[in-house]
Amino acid sequence: MSLNTEFMKETFFLALDGVPVTLKITGVALFFSLIIGFLLALTRIYRVRIFSSVVAGYVSLIRGTPMVLQVLIVYSMVPSLLNSIVKSLGWQVNVFDINPVVYAYVVFTINTTALITEIFRSALLSVSKTQLEAALSVGLSPFWAYVRIIVPQAVEKALPNICTTTVNLLKGTSLAFMMSVADVTAIAKTQASFGYNYLEAYADIFAIYILLCGVVQILFHLLERRLTRHRRVAVA
């Protein structure tokens, strides 16, 4: 068996056109997941009535179901549900004209938020409560105590796990092609369908994701070194 190297070269550069879409989905999902996940982590730590149980159930549900199933449910059920709601309200809006990438934002944010919630919860709990008590005793408000003392330490501890989650999110966006999103996978598979060169197309997809994930890991490594530079200075 021989590979069509000419096809691989051509498809590789065509598939690169889908990289901005892949990175945008990853960036949007990660941005909202970090914010929402932090807030949900706090509801679990402080056992906010009702919300804490709801968040725990949500995290358990998302972590216990395959991402591909979540993609299929959101993309198949949500448009129909929205269409029913819109029609019942009498609005003249065609829900099915919504860009599929919007559903990609939703499903990947929902999935990643559950993971980030647990990462932040464990990171925040790893910071000694005595530090918060000390900050409050010298006059800091709970808000500023968290901002200046608790959160920086928690982020430092959470960063390796956030890196892993980001890499998994980036790889998971390859499922966006199931929602008709023109990402790296969708473009490569479309090109392969013309001449059944799927093996070559999958090799291109493999190479592109290896490069993307490698860059993400390098960026997180540099960020981690920057956040922990005070430790190296103290040791020196």
Side-chain angles (χ1 to χ4, degrees), residues 1-34 62 65-80 82-83 93-116 161-223:
M1 181 184 67
S2 60
L3 296 176
N4 188 336
T5 55
E6 188 63 32
F7 171 85
M8 289 181 65
K9 180 180 178 181
E10 179 182 348
T11 301
F12 179 84
F13 288 105
L14 287 174
L16 287 179
D17 291 338
V19 169
V21 175
T22 296
L23 294 179
K24 190 174 181 180
I25 295 173
T26 303
V28 170
L30 185 63
F31 174 77
F32 286 106
S33 295
L34 289 173
I62 296 301
T65 54
M67 184 183 288
V68 64
L69 183 60
Q70 297 165 18
V71 169
L72 292 172
I73 289 176
V74 169
Y75 191 57
S76 300
M77 185 175 68
V78 173
S80 299
L82 287 176
N83 188 54
V93 178
N94 187 354
V95 173
F96 299 104
D97 284 341
I98 296 176
N99 193 324
V101 77
V102 174
Y103 298 111
Y105 295 151
V106 172
V107 70
F108 290 114
T109 298
I110 290 173
N111 180 276
T112 307
T113 297
L115 304 177
I116 293 293
N161 288 328
I162 293 176
C163 175
T164 300
T165 301
T166 302
V167 170
N168 288 334
L169 168 61
L170 180 59
K171 293 186 295 184
T173 59
S174 61
L175 296 174
F177 82 94
M178 301 176 67
M179 295 179 279
S180 303
V181 176
D183 69 331
V184 171
T185 304
I187 294 174
K189 286 176 67 68
T190 299
Q191 291 300 119
S193 65
F194 296 122
Y196 295 97
N197 300 105
Y198 287 102
L199 182 58
E200 291 89 342
Y202 293 147
D204 285 331
I205 296 171
F206 180 88
I208 291 173
Y209 275 100
I210 283 290
L211 292 173
L212 292 178
C213 291
V215 171
V216 168
Q217 292 177 78
I218 291 172
L219 291 176
F220 268 95
H221 175 69
L222 294 175
L223 179 59

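Computed over heavy atoms, backbone and side chain alike; hydrogens, waters and symmetry mates excluded.
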**Q** What distance do Ile116 atom CD1 and Thr165 atom OG1 have between them, rounded to the nearest 0.5 Å?
**A**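 Atom-to-atom, Ile116:CD1 and Thr165:OG1 are 4.5 Å apart.
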**Q** Say whether Asn4 and Glu200, considering side chains only, have a donor N or O and an acceptor N or O under 3.5 Å apart.
**A**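 Judged by distance alone, the side chains do not pair up.
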**Q** Is there a side-chain contact between Thr113 and Phe32, using heavy atoms and a 4.5 Å cut-off?
**A**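 SC-SC contact between Thr113 and Phe32 ruled out.
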**Q** Could you grab the distance from atom CD1 of Ile162 to atom OG1 of Thr112, nearest 0.5 Å is fine?
**A**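 The OG1 atom of Thr112 is 11.5 Å from CD1 of Ile162, to the nearest 0.5 Å.
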**Q** Is there a side-chain contact between Phe220 and Thr166 (heavy atoms, below 4.5 Å)?
**A**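 Touching, per the 4.5 Å side-chain cut-off.
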**Q** Looking at every heavy atom in both Phe12 and Ala207, which two are closest together, and how far apart are they?
**A**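 For Phe12 versus Ala207, the nearest heavy atoms are CE1-CB, 4.2 Å.
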**Q** Apply side-chain contact (heavy atoms from CB on, under 4.5 Å) to residues Leu3 and Met8 and explain how you reach the verdict.
**A** CA-CA 8 Å; Leu3 296 176; Met8 289 181 65; 4.0 Å; yes
**Q** What's the verdict on side-chain contact (heavy atoms from CB on, under 4.5 Å) for Lys189 and Tyr202, showing C-alpha distance, side-chain angles and the deciding distance?
**A** CA-CA 8 Å; Lys189 286 176 67 68; Tyr202 293 147; 3.3 Å; yes
**Q** Kindly compute the distance separating CG (Leu69) from CD1 (Ile73), expressed to the nearest 0.5 Å.
**A**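 If we round to the nearest 0.5 Å, Leu69:CG and Ile73:CD1 are 4.0 Å apart.
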**Q** Please report the interatomic distance CG(Leu169) to OG(Ser33), rounded to the nearest 0.5 Å.
**A**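 Going from CG on Leu169 over to OG on Ser33, the span is 7.0 Å.
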**Q** Would you say the side-chain atoms of Gln70 pair up with the backbone N or O of Asn111, donor to acceptor, closer than 3.5 Å?
**A**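 No; zero donor-acceptor contacts below 3.5 Å.
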**Q** What's the shortest heavy-atom distance between Ala15 and Ile208, and which atoms?
**A**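 Closest approach of Ala15 to Ile208: CB-CD1, 3.6 Å.
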**Q** Below 3.5 Å, can you tabulate the donor-acceptor pairs from side chains in residues 170-181 to any protein atom, sequence neighbours excluded?
**A**
unit_1: Lys171; atom_1: NZ; unit_2: Asn168; atom_2: OD1; d: 3.4
unit_1: Thr173; atom_1: OG1; unit_2: Leu170; atom_2: O; d: 2.5
unit_1: Ser174; atom_1: OG; unit_2: Lys171; atom_2: O; d: 2.7

**Q** Taking side chain to side chain contact (heavy atoms under 4.5 Å, CB included) as the test, write out the residues that go with Ser76, two or more places apart.
**A**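 Applying side chain to side chain contact (heavy atoms under 4.5 Å, CB included) to Ser76 gives none.
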**Q** Hey, what do you get for CG (Asp183) to OG1 (Thr22), rounding to the nearest 0.5 Å?
**A**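 Answer rounded to 0.5 Å: 4.5 Å.
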**Q** If you compare all heavy atoms of Cys213 against all heavy atoms of Val167, which two are closest, and at what distance to 0.1 Å?
**A**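 Smallest heavy-atom distance, with atoms named: SG-CG1, 3.8 Å.
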**Q** Does the side chain of Val106 come within less than 4.5 Å of Val78's, by heavy atoms?
**A**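 No. Closest side-chain heavy atoms not under 4.5 Å.
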**Q** For Phe31, look at atom CZ and say whether over 12 heavy atoms of other residues, nucleotides or ligands are found less than 6.0 Å away.
**A**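 Check fails, neighbour count at 12 or below.
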**Q** Compare every heavy atom of Ala192 with every heavy atom of Ala201, then report the nearest pair and how far apart it is.
**A**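 Where Ala201 meets Ala192 most closely, the heavy atoms are CB-CB, 3.6 Å.
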**Q** On a heavy-atom basis, which atom in Pro20 and which in Leu16 lie closest, and how many Å separate them?
**A**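 Smallest interatomic distance, heavy atoms only, reads CD-O, 3.6 Å.
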**Q** For the backbone of Leu14 and the side chain of Gln191, can you confirm whether one donor and one acceptor N or O come within less than 3.5 Å of each other?
**A**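 Between the backbone of Leu14 and the side chain of Gln191 there is no qualifying donor-acceptor contact (under 3.5 Å).
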**Q** List the steps and the verdict of side-chain contact (heavy atoms from CB on, under 4.5 Å) for Tyr105 and Ile25.
**A** CA-CA 6 Å; Tyr105 295 151; Ile25 295 173; 4.0 Å; yes
**Q** Look up atom CG in Leu82 and atom CE in Met77, then write down how far apart they are to the nearest 0.5 Å.
**A**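 Going from the CG atom of Leu82 to the CE atom of Met77 covers 10.0 Å.
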**Q** With a 4.5 Å heavy-atom cut-off, do Lys9 and Thr5 have their side chains touching?
**A**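 Side chain of Lys9 against side chain of Thr5, heavy atoms only: no contact under 4.5 Å found.
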